[in-house]
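Counting convention: from 1, in listed order, for ligands and their atoms alike. Index from 1, following the sequence.
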Amino acid sequence: MNLKDKNCLVTGGSRGIGKAIALELAKYGANVAVTYARSADAAAEVVKEIEAAGRKGKAFQADAVDYNKAEEVIKDIVDEWGSLDVLVNNAGITKDNLILRMSEEQWDDVITTNLKSVFNYSKAAARPMMRNKGGSIINISSIVGISGNAGQSNYAASKSGIIGFTKSYAKELASRNIRANVIAPGYILTEMTESLSEAVLDGIKQDTPLGRPGESEEVAATVVFLASELSSYITGEVIRVDGGMAM
Ligand code: NDP
């Protein structure tokens, strides 16, 4: 796979899956910009690692919920690097609660951070990708968006919403050679999942045919495939990276 000189943006690229995606894209030759909300030092470290791989890197403090900021970030990348070829919408949060206990704030925070952000960045990317006569958008959903999960109605709604949004976007922009796909990870070991108890982790292992949680790098490898020309005839697809959990 070759991503030489492709210009990529990964939202939420300071930690976890987003960081692994950014580094993997750079490993295959891409220049990579990342956004983050709070972790300035961690994001700067990711940029250093991208540059150490011989690529260009950039970090933007940009709340994914902010519509105008998404336009600014993408304009900055296109002005400086000349194009945006690949967008990975990865930024996401959880605020779990049972529906009867869920506050309006918990609902709104998760829906806006996980779903509105995908609209913000995908919309802002459309014009530069049209001018560039192509692009690949990869949206990180979750198997919870396919199967649902008790205590995560806000998260599941946001992640299902990403699937519907991506299929619509893929249909609108296919004629411009812009592909849009979804990755639905299962349980991946990151800070988001580190608070799970041993009992819950044992349950996850039991429910996963491959018998273990996933690594961020395993999600990142699928991103590289969807970013590359090897997936040139794939659009509007949902690829589970879940060890078989949701099949
Ligand atoms: P982490 O909590 O480890 O990292 C989240 C990343 O998103 C950080 O870089 C964080 O930035 C960024 N972020 C959070 N809120 C915002 C915001 N408002 N604006 C900009 N950036 C923001 O999460 P994971 O790596 O585990 O998850 C990454 C994605 O993968 C999420 O969309 C998640 O839903 C999805 N996913 C994760 C699974 C898992 O098991 N881990 C399973 C299925 C899907 P900062 O460092 O500044 O806070």
**Message:** Treating Asn7 as the side-chain partner and Ile77 as the backbone partner, does any N or O pair qualify as donor plus acceptor under 3.5 Å?
**Reply:** no
**Prompt:** Which residues pass the side chain to side chain contact (heavy atoms under 4.5 Å, CB included) test with Ala170, sequence neighbours left out?
**Reply:** Ala180, Thr235
**Fill in**
Distance filter under 4.0 Å, heavy atoms only, around ligand 1 gives Gly12, Gly13, Ser14, Arg15, Gly16, Ile17, Tyr36, Ala37, Arg38, Ser39, Ala62, Asp63, Ala64, Asn90, Ala91, Gly92, Ile93, Thr113, Ile140, Ser141, Ser142, Tyr155, Lys159, Pro185, Gly186, Tyr187, Ile188, Thr190, Glu191, Met192, Thr193
**Fill in**
Per side chain to side chain contact (heavy atoms under 4.5 Å, CB included), Tyr155 is matched among Ile111, Val144, Ile93 by Val144
**Item:** For Glu198, salt bridge (Lys or Arg N to Asp or Glu O under 4.0 Å) partners two or more places apart
**Value:** none
**Request:** Take Asp85 and Ser136 through the side-chain hydrogen bond (donor to acceptor under 3.5 Å, both in side chains) test and state the conclusion after the steps.
**Result:** CA-CA 6 Å; Asp85 303 292; Ser136 176; over 6 Å; no
**Complete:** Sorted by chain and number, sequence neighbours left out, salt bridge (Lys or Arg N to Asp or Glu O under 4.0 Å) with Lys27 holds for Glu24
